[in-house]
Amino acid sequence: MRSGLDEDFHKRGFGDGLAELGHEDRDGWHLWQKGLERRVDSCMSAGFHGSRQDSARPFQPLAFLKSSSTLRPLPASGAQKRPFSLHFLMTPRVRFAPSPTGDLHVGGGRTALFNWLFARQTGGTFILRIEDTDGARNTEEAQRGIVKGLRWLGLDWDEGPEVGGPHGPYFQSQRKAIYDAYLAKLEAAGRVYTEENGAVRFKFSRTAITVHDLVCGDVTFAPTEEPDMTIRRPDGSYIFHFVNVVDDIEMRMTHVFRGEDHLSNTWKHIDLFHALGATPPTYAHIPLILNPDGSKMSKRDAGSAIEHSYIHEGFLPDAVFNYLAMLGWTPRADKEVLTREELAKLFNPADIHSANARFDLQKCQWFNAQFLRALSPEALLNASLPFLTSAGLVIGDEAMAAAAVYSVKEKVSLLKEIPAWVHYFFREDYPFETDVMEKLKAKPENANLLKAAQTALGQAAEWSESSVHGAIEAAAKDAGVKTGALMPLLRAALSGQSRGPNVATIAHLVGQESTLRRIDRTLSEALG
RNA sequence: GACCCCUUCGUCUAGCGGUUAGGACACAUCCCUUUCACGGAUGCGACACGGGUUCGAUUCCCGUAGGGGUCGCCA
């Protein structure tokens, strides 16, 4: 979608790649290139990231121009220019490229999330590519875990497995012919050699290579002394570094958001891009997620796996999405609880932190509690259904069930806690908790109090929450006790528990007949 | 061992040379209240250390220490 001006701009050579930036002022951004100045009205993702390393190149700008305005000769004055790379007539293409190792790891989930956020914000394309080059340890089952985790988080992809796309196949195990062709290019360029056993190595250029990173700034690596990199095994299968670069070229990636653990190897990738005559994408190496004690988070650690730690524990996708997005990035907003749409709108790679972050399960649960409370009764019931079912509860009346779970929503932070709070709504043979039983038996007059309440409730002509409440108050008054003395007894009788929603709410929801039966049962079983 | 990244309350963070160093989670106290919660209020609590630069450093520079990462025919 290029405007005429953009087209003109493009014709004059303002393509992707290196441009120069003048300055930012009230009029917007002034970009300078090839003797012309272009003023930019609006930018998506406006922002600059200061480079800590090289003060001569202090900014690594990030701009996706939406509209353009004037195009005029560059002023002759020697205003300072700052070089930067900019893909400004191109919609971004980003990808998440996991190797299928089973359950989606939170670190991977967040990497996918940042890519997704960026794509959704800029109107770009988000691609899922499965890096299953290591046939020995990759299984279809493992790949399903990744897909399930991404779908659960709501990270939909525009190209990739299950949805297809123009640059497929999206499994590296199916792209051998492409890699062979690229290997031929390297051979033609004299950049590879084959070892005696058949392994193929890539000849490093052994020059200094600078990574221009949106997060880390410019990072320069001195000419390497490492041995040349193997890119193909003797059995003909290819190595990660090579296929990763080839696919990023083939799939036209403009940006790569990935974990900081890749930063140290990025010079190798850039070397490959250059050897293949391609321009490297813009990189953004995002900080890692650490355990609460600062150690590296691995598969076995709490909170590390999407399905095991979140889906099964009763987290809501939106909450995990929100929490993960805030780990390593702070949106410029006056609140923390944000929807994925709001996060996508606010996302700015320039605001990504460069320091690793520790995982805090409590805060993640807090986010979950926030989203839980915002759910409608129907949505809450729907979300808790798997947990209610696995607790053996049978839902008869859905409206009642929805009201029941809704009545305890601010008492829990995880869906899996809900059954323990609502089980008595769905059955009348609930157990009496030990302390509840003791409390009931503590005073002989409790039985009479309950009987009085039962009589009053039995006589209620109307069965609304307020009428129930009124009947209980009246019964307490007649019996000469405070309402606050009767309520706990009734709560015990109706639920077998000492805590829960309002007593009147419970009675109202289970109905008049059940309420009376529950008191009968208490009288005979707990006080009999 | 070499190289790379990082360092503000316990945790996530705001800050971009001059602030009583702000917020959120957690924790504590109080209020609300039929319980448990929610909510509200208050409190606790941080610039890793040492040198510079500067009238002035949390902020800029250099070291040190500490944490993390990378150096695979894993991805």
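Lettering follows sequence order; numbering is per chain, from 1. For clarity, every value in this text was computed on a predicted model and none was experimentally measured.
- Remark: A/E313 engages A/K416 in a salt bridge (Lys or Arg N to Asp or Glu O under 4.0 Å) (not counting sequence neighbours).
- Nucleic acid contact class of A/G259 (heavy atoms, under 4.0 Å, all strands): none.
- Under the side chain to side chain contact (heavy atoms under 4.5 Å, CB included) test applied with A/R258, the options A/L263, A/N244, A/I286 reduce to a single match, A/N244.
- Side-chain N/O atoms of A/R233 include one lying less than 4.0 angstrom from OP1 or OP2 on B/rA75.
- With hydrogens and angles ignored, a donor-acceptor pair under 3.5 angstrom links the side chain of A/K363 to the base of B/rA24.
- Side chain of A/H353, nearest nucleotide from B/rU70, B/rG68, B/rA14: B/rA14.
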Item to complete: Starting at the 5' end of nucleotides 28-38 of chain B, put B wherever the base has a protein heavy atom under 4.0 Å, S where only the sugar-phosphate does, and a dash everywhere else.
Response: ------BBBBS
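- Listed in residue order, the members of residues 447-455 of chain A having a heavy atom less than 4.0 Å from RNA chain B come to none.
- With the nearest nucleotide of RNA chain B identified for both A/A355 and A/F359, A/A355 has the one nearer the 5' end.
- B/rC62 and B/rU53: their P atoms are spaced 15 Å apart (whole Å).
- Looking at residues two or more places apart in sequence or on another chain, you find a salt bridge (Lys or Arg N to Asp or Glu O under 4.0 Å) between A/K363 and A/E336.
- In this structure, A/F221 reaches the sugar-phosphate backbone alone: every heavy-atom distance under 4.0 Å involves primed, P, OP1 or OP2 atoms, never a base.
- The nucleotide whose nearest atom lies closest to any side-chain atom of A/K268 is, among B/rC71, B/rU11, B/rC74, B/rC71.
- Glycosidic conformation of B/rC38: syn, with the torsion inside 90° of 0.
- Here B/rA75 is the nucleotide among B/rC5, B/rU11, B/rA75 with the atom lying nearest to any side-chain atom of A/S99.
- Residues meeting the side chain to side chain contact (heavy atoms under 4.5 Å, CB included) test with A/H167, sequence neighbours left out: A/R93, A/E159, A/Y170, A/M251, A/R252.
- Nucleic acid contact for A/R332: sugar-phosphate only, since backbone atoms but no base atoms lie under 4.0 Å from a heavy atom of the residue.
- With sequence neighbours left out, the salt bridge (Lys or Arg N to Asp or Glu O under 4.0 Å) criterion links A/D435 to no other residue.
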